[in-house]
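What follows is a single structure, written as structure tokens, with notes after it.
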2 protein chains.
Amino acid sequence: MATIADVARHAGVAPSTVSYALSGKRPISESARRRIDDSIRTLGYRPHAGARALASSKSNVVALMLPLRDDMHVPTLLQFATGVVTAARGHDHDVLLLTHDEGGDGISRVATGSMADALVVMDVEREDARIPVLRTLDRPCVLIGVAGDAGELTSVDLDFVAAGELAVDHLAELGHRHVGLVGQPPSVYSRRTGFADRFIEGFTAASQRHGARVAVRPCEFTYAGVATAVEALLAELPELTALVVHNEHAAPMLLETLSSMGRKVPDDISIVSMCTDDVAERMRVPLTSIAIPAAEIGSRAVDMVMNKLHGREAPGLTLLPPRLARRDSTAAPTGR
Amino acid sequence: MATIADVARHAGVAPSTVSYALSGKRPISESARRRIDDSIRTLGYRPHAGARALASSKSNVVALMLPLRDDMHVPTLLQFATGVVTAARGHDHDVLLLTHDEGGDGISRVATGSMADALVVMDVEREDARIPVLRTLDRPCVLIGVAGDAGELTSVDLDFVAAGELAVDHLAELGHRHVGLVGQPPSVYSRRTGFADRFIEGFTAASQRHGARVAVRPCEFTYAGVATAVEALLAELPELTALVVHNEHAAPMLLETLSSMGRKVPDDISIVSMCTDDVAERMRVPLTSIAIPAAEIGSRAVDMVMNKLHGREAPGLTLLPPRLARRDSTAAPTGR
DNA sequence: TGCCACTGTCGAAGCGCTTCGATACAGCCA
DNA sequence: TGGCTGTATCGAAGCGCTTCGACAGTGGCA
């Protein structure tokens with residue numbers, strides 16, 4: 001394996017010159033640069049990451065802590081990850097993968113051991129044990145999600161409050177006055193993962209503003225769970241004409257359940273779903289939906305953490321605005 | 001940040017002694033060990049990963065190359081990843097995440113730059129451009145999947161041929177003689193990803209053995225795609241009484257499609273599905289299924305790559321035997 | 001008592017890179 | 001011609017660790 005000294009010898013310059021040619025931190029003559037480039041290519045030289053990290057105290061790695069829980073929607077999760085990896089590579093960084101269950105220990109191992117220059121932490125909860133750890137660290141980090149006590153820590157997320165409002169606004173505009181919310185599984189709420197609560201918050205606020213009557217039910221993603229939730233909502237709101245679904249797994253089951261109950265979508269019941277566009281489009285009835293821009297959130301998180309790494313300021317909390325895509329699952333309620 | 005020299009000073013020993021205490025490569029007296037441990041704890045010492053990598057030429061990192069394609073079943077993918085990360089941590093290694101689209105370049109960047117000691121590469125295709133690169137590398141690697149020209153490279157995968165056979169064996173045993181296969185999307189076959197072809201191979205071989213008549217159709221995971229596939233299969237095999245589904249996304253759609261055609265499962269049509277157990281159990285009719293033991297494959301891959309890293313031999317190709325879980329979607333065909 | 005083997009520890013070299021300060025040289029102006 | 005500025009390059013130190021060889025001390029055996 002060639003070293004920088006080999007390259008220097010081959011090109012007839014000092015090792016430091018090669019280093020400067022590589023980093024661009026000092027001017028290099030045209031001729032030297034050419035010889036160095038040639039030598040690098042013919043020797044197949046690649047700098048040793050460890051040596052570089054040692055000398056420069058920069059690892060060019062960002063750590064990504066991913067939850068691997070089965071009550072999360074996995075494809076969305078992977079979109080976050082893709083956004084993070086792609087953006088990181090764009091900043092010439094690699095990504096070290098940590099899982100949620102390593103917790104604060106994993107974070108400090110990677111940070112204190114100088115394996116990573118920066119951290120992106122997903123799926124933060126309202127009261128998250130990792131946040132104190134993050135705060136003691138000297139390394140920049142960005143949270144995906146909104147923690148209650150994030151304080152000065154930088155966070156990015158979809159504006160779930162606005163998403164909840166947007167769903168109701170759309171339905172109210174069409175004339176709906178009785179709207180149910182099919183939520184996430186109970187475990188998600190009891191973990192106090194911020195996004196689920198925030199969605200309900202926006203949903204409720206907008207309903208009040210529009211004078212609509214609403215009901216909310218968590219929902220497991222099994223047929224039985226969906227049926228239970230729908231029955232409970234109908235019992236509470238007999239005149240229900242619209243549903244908002246914040247549960248990617250449950251959406252197809254819901255459609256099937258309603259159809260087996262003889263309720264047509266959108267004629268009898270309108271549906272707005274929180275889900276990615278491709279899921280919405282593949283449904284039996286293509287769903288009007290609000291997507292979580294997961295890849296964008298991931299790449300934004302990396303951009304911000306890079307800003308901090310370079311000493312630039314980053315905002316405390318960034319909430320991306322939701323966008324609603326109209327499809328075939330929403331219509332004005334049929335007069336009765 | 002404390003260094004090994006700080007620890008040594010604090011404990012009243014030489015830095016090398018601390019190093020040996022940490023690595024266990026030379027005997028250390030009980031008293032020295034205790035003082036060193038104390039010093040490490042009070043100083044919050046953590047070895048610098050880069051320095052360690054430089055001195056020992058070991059990074060304690062394995063690179064994982066993950067495909068992020070949307071025609072793959074993402075939850076399964078993440079199970080592989082989970083298996084890999086968990087096993088790697090068990091071997092005191094971290095995981096560097098690479099995406100498929102970095103290709104051979106990504107592999108050689110990470111390997112030549114000494115960022116990773118070993119590689120796990122997923123989703124290998126019959127003729128994979130990364131394989132020649134892998135072969136020139138001095139680092140151990142393990143493939144997940146079966147490549148045509150893997151040669152002496154180590155590979156792990158589910159035995160998809162056996163899985164195809166197992167599905168047919170089960171149906172034949174029940175008395176089915178006309179069986180259709182609902183396959184992966186066409187793009188998967190045209191990429192020549194081994195697993196899909198191998199499944200068909202086993203399916204076909206077992207059918208011949210049992211004297212069953214069969215038909216095979218690729219299938220997009222849209223309702224239209226599923227309907228098309230089912231119609232084509234029925235046209236080719238009017239007496240069809242059973243379906244094998246090798247397509248996790250399509251399974252629920254298939255169930256719905258059959259029910260809307262008035263065909264009952266399992267009374268009119270039996271179904272065997274390749275999918276994870278939790279997906280199978282959540283279906284309207286719980287599916288008899290063969291699961292891909294993704295997490296186990298992932299952790300096996302890591303175990304093998306670690307063996308190679310320590311100079312132990314690893315087998316060329318490991319195929320895990322499939323297991324079929326009987327649920328409610330298969331029964332003997334009703335006599336006509 | 002002398003020798004040997006073993007255990008526990010130390011010091012120093014070296015891993016491959018970055019970076020600081022020094023230096024050589026060219027070109028310019030006075 | 002002397003002195004100055006600026007550009008391009010070099011040499012050496014040092015980043016924090018591992019590892020090799022050396023060596024002091026201890027105990028056992030002849």
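In the text below, chain A, chain B and the rest are named by the order of the sequence lines, each starting its count at 1.
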> Do the non-hydrogen side-chain atoms of Met65(B) and Arg130(B) ever get within less than 4.5 Å of each other?
Replying inline: yes
> Of the options Val61(A), Val302(A), Asp117(A), which is the one that meets His93(A) in a side chain to side chain contact (heavy atoms under 4.5 Å, CB included)?
Replying inline: Asp117(A)
> Which pairs count as side-chain hydrogen bond (donor to acceptor under 3.5 Å, both in side chains) when at least one residue sits in residues 77-90 of chain A, sequence neighbours excluded?
Replying inline: Arg89(A)-Glu102(B)
> Closest nucleotide of DNA chain C for Ala51(B) versus for Arg35(B): which of these residues is on the 5' side?
Replying inline: Arg35(B)
> Can a salt bridge be assigned to the pair Arg198(A) and Asp159(A) using a cut-off of 4.0 Å between side-chain N and carboxylate O?
Replying inline: no
> Looking across every strand, which nucleic acid part, if any, lies under 4.0 Å from Ser19(A) by heavy atom: base, sugar-phosphate, or nothing?
Replying inline: base
> What are the 5'-most and 3'-most nucleotides of DNA chain C lying under 4.0 Å from any heavy atom of chain A?
Replying inline: dG16(C) to dA22(C)
>> Base, sugar-phosphate or nothing for Ala53(B)? Non-hydrogen atoms, less than 4.0 Å.
In response: nothing
> Taking for each residue the nucleotide of DNA chain D with the nearest heavy atom, is it Leu22(B) or Tyr20(A) whose nucleotide lies nearer the 5' end?
Replying inline: Tyr20(A)
> Which part of the nucleic acid, if any, lies within contact of Thr3(B), taking any heavy atom under 4.0 Å across all strands shown: a base, the sugar-phosphate backbone alone, or nothing?
Replying inline: sugar-phosphate
> Is it true that Arg300(A) and Asp303(A) make a salt bridge, defined as a side-chain N closer than 4.0 Å to a carboxylate O?
Replying inline: no
> Salt bridge check: are Arg35(A) and Asp38(A) linked by an N-O gap of less than 4.0 Å?
Replying inline: no
>> Can you confirm whether Val110(B) sits close enough to Leu96(B) that some side-chain heavy atom of one is under 4.5 Å from a side-chain heavy atom of the other?
In response: yes
>> In the structure I gave you, are the side-chain heavy atoms of Val62(A) and Leu309(A) within less than 4.5 Å of one another anywhere?
In response: no
> Near DNA chain D, which residues from residues 24-31 of chain A have a heavy atom under 4.0 Å away?
Replying inline: Arg26(A), Pro27(A), Ile28(A), Ser29(A)
